[in-house]
Amino acid sequence: MSKGPKSDRMSWTSAVLEKERKKVNSAADVWEKLKTMMQSSMTAVTIDTWFGDTEAVALEESRLVLCVPTEFKLTIIRTKYLPIIQSALKELFSADIEVILLLPEERENYLKATPISASADLDRYTFERFVVGPTNKFAFTAAMKVADEPGGSYNPLFIYGPSGLGKTHLLHAIANRVKRKHPGYRIVYTQSEYFVNELINNLRYKTDMQPFRDKYRNVDIFLMDDVQFIAGKDSSEEELFHTFNELYEQKKQIVFTADRPPHEMLRLEQRLRTRFEQGLPADIQPPDYETRVALLKNKSLERGIQVPDEVLAYVAENITSNVRQIEGVVNKIMAFTELMGDTVNKDTIIRAVRDILRAKENFLPSADVIIQEVARCYEQDPAAIRGKGQSKELVLPRNVAMYIIREMTQLSLEEIGQEFGNRHYSTVLNAINRVERQMKEQPDLVEMIRDITNAVNATY
């Protein structure tokens, strides 16, 4: 089945934009071409008067950014000449291109702004495309409020809930809305793991720390995904603590997401946990039946697929916890219809759903995946964890890896021992028993194992 007209139009528009961009070298080239085209609508004197000192700043995916030297000129261009510019753009690109007008002081902020993500699809992750239901309405409303009034009452906003329920979508939606309403705002989005790795590289190679700090502190909106992975990493917690303080004192908006509320982050420093809690916590829970049906309809229409109501009901009844799993089903339906020519009927969907659910039920992680995640959380080399070293920094991660492998796989003690340099099964059993005893006395260890288990599950 082919995609709908909207999808076709979007892909065709992107192709036209790419084709036209190859004909020009920069936004400045486009602007010069537009001024020539506008000579059919106004005199050369008019163009020179109002556009002679107007500078092209950027040509992005679907908008042209211009800098106007004075507020008076900007007002005149916006009220009198903007439609003419947009008409010329449409003639040039055969598509509707948004025009952003900035003053010089806004231009500086715009050029300093950090892209929210190299792969972020802003047209996709919007509030309009977020399906709202009883289990996520509070978080959705809070995110909307933050986007409309950044740095206001809800600072920081802390969105938490299980993986795959739309937390990252809301982060990007905030960035999307702020960037459109305040094009000069500097927005930074990062995943906590990237923040940690970037800091480690700076420290390892003794790089000047100031650019790193400027990147995250000289912004108007700071968005961090999966902040729970910061816990237990002392240097990263220290940097985030000072970053938070500086942004908060300047009334800059801060938004975090995590898989649990701050008070459950037992390995997190108390002073950082307190700051997370001083704003607005907003949880997202798995969607109810009606929301799952709405999600399925929404995802299907985005891909140009018409799915019968009885099929939507069947899928919504069988997939109950994860938005990503719902999206996976829609992708599978699309694959059936496009690659095999099957019509979308109940039998087709049952095949798709059963396949996905069966895979989930039978999923068992490998020992290698678990060891990799343990090594990442403890900042150790996987080979060293498997090896013979007996330092304190290696023994605990090795014991934890053995414990989690025993809990999450069907490997025997002998087979687990083979994963760690052919250790005897009694050594494995002692390691597992030691971890179980430590878990009763050390809540931090329980949380670390929970983090690792969640990370392993998220790989599927």
Side-chain angles (χ1 to χ4, degrees), residues 161-165 193 226 228-229 232 259-260 264 267 286 315 317-329 331-332 350-390 393-460:
S163 176
L165 299 183
E193 190 170 1
D226 289 325
Q228 72 270 9
F229 291 120
D259 64 354
R260 73 202 73 164
E264 291 186 13
R267 291 186 299 118
V315 175
E317 287 170 358
N318 284 275
I319 295 179
T320 59
S321 62
N322 194 300
V323 173
R324 291 197 193 117
Q325 206 174 358
I326 289 173
E327 190 161 7
V329 169
N331 290 337
K332 190 69 177 286
I350 288 174
R351 271 186 287 167
V353 175
R354 282 180 177 170
D355 186 39
I356 289 175
L357 291 181
R358 189 183 304 118
K360 186 67 175 177
E361 289 169 359
N362 295 337
F363 170 68
L364 289 175
S366 67
D368 187 58
V369 167
I370 293 171
I371 293 169
Q372 290 284 346
E373 286 300 330
V374 171
R376 185 180 64 81
C377 284
Y378 279 100
E379 300 178 9
Q380 296 293 335
D381 183 358
I385 291 177
R386 291 179 184 270
K388 301 294 186 181
Q390 292 299 315
E393 289 74 19
L394 290 173
V395 170
L396 178 59
R398 183 181 298 134
N399 292 348
V400 167
M402 291 179 180
Y403 171 82
I404 296 175
I405 291 171
R406 181 65 165 172
E407 289 294 308
M408 297 189 72
T409 74
Q410 296 178 350
L411 295 181
S412 66
L413 294 176
E414 289 85 352
E415 290 169 329
I416 295 173
Q418 290 171 12
E419 296 288 341
F420 295 87
N422 291 318
R423 281 178 164 81
H424 194 267
Y425 77 87
S426 62
T427 302
V428 177
L429 181 60
N430 287 335
I432 292 171
N433 290 338
R434 191 174 301 115
V435 171
E436 289 177 341
R437 289 195 301 271
Q438 289 174 312
M439 288 173 66
K440 293 177 182 178
E441 302 170 354
Q442 301 175 21
D444 287 0
L445 180 60
V446 175
E447 189 178 8
M448 172 66 89
I449 290 173
R450 173 183 171 181
D451 282 343
I452 296 168
T453 303
N454 287 344
V456 171
N457 285 328
T459 62
Y460 172 68

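Since this is a predicted model, take the numbers as computed values, not measurements.
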With heavy-atom distances below 4.5 Å as the criterion, would you say the side chains of [X] and [Y] are in contact?
X	Y	value
I404	V435	no
R406	I416	yes
M408	I370	yes
E415	T409	no

How long is the span from the [atom1] atom in [X] to the [atom2] atom in [Y], to the nearest 0.5 Å?
X	Y	atom1	atom2	answer
I385	Q372	CD1	CD	9.0 Å
I432	R437	CD1	CZ	12.0 Å
Q228	E447	CD	CD	9.0 Å
F420	M402	CZ	CE	5.0 Å
R450	M439	CZ	CE	11.5 Å
L411	Q418	CG	CD	9.0 Å

Which pairs count as side-chain hydrogen bond (donor to acceptor under 3.5 Å, both in side chains) when at least one residue sits in residues 378-387, sequence neighbours excluded?
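Output for this query lists D368-R386, R386-E419.
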Can you establish whether the number of heavy atoms outside K440 located under 6.0 Å from its atom NZ is more than 12?
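Incorrect, the count does not exceed 12.
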Can you establish whether the number of heavy atoms outside Q410 located under 6.0 Å from its atom CD is more than 12?
no
side-chain hydrogen bond (donor to acceptor under 3.5 Å, both in side chains) partners of N433, counting only residues at least two apart
none
Which residues share a side-chain hydrogen bond (donor to acceptor under 3.5 Å, both in side chains) with N399, sequence neighbours left out
none
D451 bridged to R376 by N-O distance under 4.0 Å:
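Judged by the 4.0 Å cut-off on N to carboxylate O distance, D451 and R376 do not form a salt bridge.
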